[in-house]
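A short write-up of the structure that comes next.
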Amino acid sequence: MLVLLLLPVLAAPAADRELLELLEQIDATCEWDPLREAGVILAGSDRIAFQVGTPFVLINYTERLDIPAPRRENGRIVFDAGAVEAVTAAVTRMRTERPEAGLRIAAIVLDPGHGGKDPGGVGSRTVDGKPLALQEKDVVLQLALGVAERLRSVLPGKDVVLTRSDDTFIELEARAATANALQEKLGDAVLYVSIHANASARSKANGFEVWYLPPTYRRTLIGSQDAEGDPDLLPILNSMLEEEISVESVVLAREILQAIDAQVGTVSPNRGLKEEAWAVVRNSRMPAVLVEVGYVTNPAEAAHLADPAYLMDLAEGLYNGIVAFVARFERAGSSGDR
Ligand SMILES: [Zn+2]
């Protein structure tokens, strides 16, 4: 089935007939960043990154395949017949030779924000007619522990790591570093989900939202030590890898937002997807999102966020979103954990 995903920032491409046929043939979807003129074809768990004017694609960000460079004509992306043929052959070969391979998520890092000396946002709710403080650090820790427990029972083959599992203060840089080190060690992809609660001077503000890194944010993903041969390749490789991470982050953010909405959307407003280079996620070299589960400064929402049953619903939503993303990411390798 051919599906072109519409994302708020990554528009579906106005694709040429050859590209559309290619997508259909390999049962794939495509995400396209018009600003960078780069895109990713998502074929099950395989990813094919391309860029207009670049005479090769990257398959799963490791294998380079030379093709006639995709072009842009009248706003459309054009893959020549030769390019379509080469990509189709490569995907077919990969699926035959190693049907269970493709990309795999090895670990999920849950990052409950703040902790220790840093309470995060502080609000209050009324208990027996008296105001009782509610601290963000406590809400998000309870939540993260709940999500971790669910993930561990359903995805036993994956590492589920918490940046903190008690009331400890951890520097921002150390949080992303934990995730990056894990990814380096495991070799496969790691998801990074930072969990926060919001605060506002406006006590009426309420609702949940999910943030991801804007695709235009620049990171150095591949260092020069990894560059083999042509040094001119490095910026292109980085650009393609960035594209991949941006695309996956948006998809992860969308899955989590929808899943939380399904759990608590009747009680708390959905504030939507947002993009920002948050300090806490900007140093992670992997799909990363930041979830704001609600406002501790809204008295009614604070009452919910202090309620274990409501936190359980939120944890369920976060968990469902992550699992949906993992299933999607690993779809072609549906044999599960290896
Ligand atoms: Zn926070």
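We use all heavy atoms of the structure for the numbers below, so side chains are in, but hydrogens, waters and symmetry mates are not. Counting starts at 1 for both ligands and their atoms, following the listed order. Computed from a predicted model, the values in this text were never measured in an experiment.
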Do you reckon Tyr319 sits in the same ILVMFWY cluster as Leu257, going by side-chain contacts under 4.5 Å, direct or chained? yes

Decide whether Ile195 and Phe169 are clustered together by the hydrophobic rule: side chain heavy atoms of Ile, Leu, Val, Met, Phe, Trp, Tyr closer than 4.5 Å, transitively. no

Between the side chain of Gln135 and the main-chain N/O of Pro119, is any donor-acceptor distance below 3.5 Å? no

Under 3.5 Å, side chain of Ser249 to main-chain N/O of Ala288, donor-acceptor pair present? yes

So does Arg47 pair up with Glu248, basic N to acidic O under 4.0 Å? yes

Let me confirm one number: the CG-CD distance from Leu290 to Glu275, rounded to the nearest 0.5 Å. 14.0 Å

The Zn ion (ligand 1) neighbourhood, protein N/O/S only, threshold under 2.8 Å: His114 NE2, Glu136 OE2, His196 ND1

